[in-house]
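In what follows, a single structure is set out as structure tokens and then discussed.
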Amino acid sequence: MLVAFSVSPTTSDAPDGSVSRAVARAVRVVRDSGLPHETTSMFTTIEGEWDECMAVVKAACEAVAQVSPRVALVLKADIRPGWDDQLSAKVERLEQHLRED
């Protein structure tokens with residue numbers, strides 16, 4: 001499965017309102033998990049089995065909760081049994097269609 005998620009504190013004491021330091025804590029959890037992943041400006045996507053993906057999401061939320069009394073989570077999952085290595089393959093198929101058109 002692919003899980004795209006965004007986790008952040010709902011409060012920040014940074015003068016500009018930045019939450020990047022807390023978000024970095026969550027991304028560190030993802031990177032340390034060993035799961036295939038990709039981080040963009042708005043989401044981090046991980047690939048793996050249900051239980052291992054959800055464990056990483058939970059740990060990322062807990063990492064942010066260590067520095068914030070309230071945490072926001074947005075999550076989207078593509079559950080497609082029997083399909084592996086879709087983190088890049090889905091994009092490759094899209095690019096192929098764009099080249100064909």
Same hydrophobic cluster for [X] and [Y], using side-chain heavy-atom links shorter than 4.5 Å among ILVMFWY?
X   : Y   : answer
V3  : W83 : no
V19 : F43 : no
L35 : I79 : yes

Gap between atom [atom2] of [Y] and atom [atom1] of [X] - 0.5 Å precision:
X   : Y   : atom1 : atom2 : answer
I46 : F5  : CD1   : CZ    : 5.0 Å
T44 : H37 : OG1   : NE2   : 8.0 Å
S88 : E95 : OG    : CD    : 12.0 Å
L98 : Q96 : CG    : CD    : 9.5 Å
L87 : D78 : CG    : CG    : 11.0 Å
D84 : E47 : CG    : CD    : 6.5 Å

With the side chain counted from C-beta on, respond yes when [X] and [Y] share a heavy-atom pair under 4.5 Å apart, and no when they do not.
X   : Y   : value
Q66 : R25 : yes
V23 : V7  : no
P69 : T11 : yes
V29 : R31 : no

What are the two closest heavy atoms between S20 and S18, and how far apart are they? OG-OG, 3.0 Å

Report yes or no: does S68 contribute a side-chain atom to a donor-acceptor pair with the main-chain N or O of V71 at less than 3.5 Å? no

Please list every donor-acceptor pair under 3.5 Å in which a side-chain atom of residues 50-65 meets a protein atom from a residue at least two apart or in another chain.
from, atom 1, to, atom 2, distance (Å)
E52, OE2, E49, N, 2.7

Residue pair L2, R80: steps toward the side-chain contact (heavy atoms from CB on, under 4.5 Å) verdict: CA-CA 8 Å; L2 293 174; R80 196 173 187 191; over 6 Å; no

I'd like to know whether [atom1] of [X] has more than 12 heavy-atom contacts from other residues, nucleotides or ligands below 6.0 angstrom.
X   : atom1 : result
R99 : CZ    : yes
R93 : CZ    : yes
D32 : CG    : yes

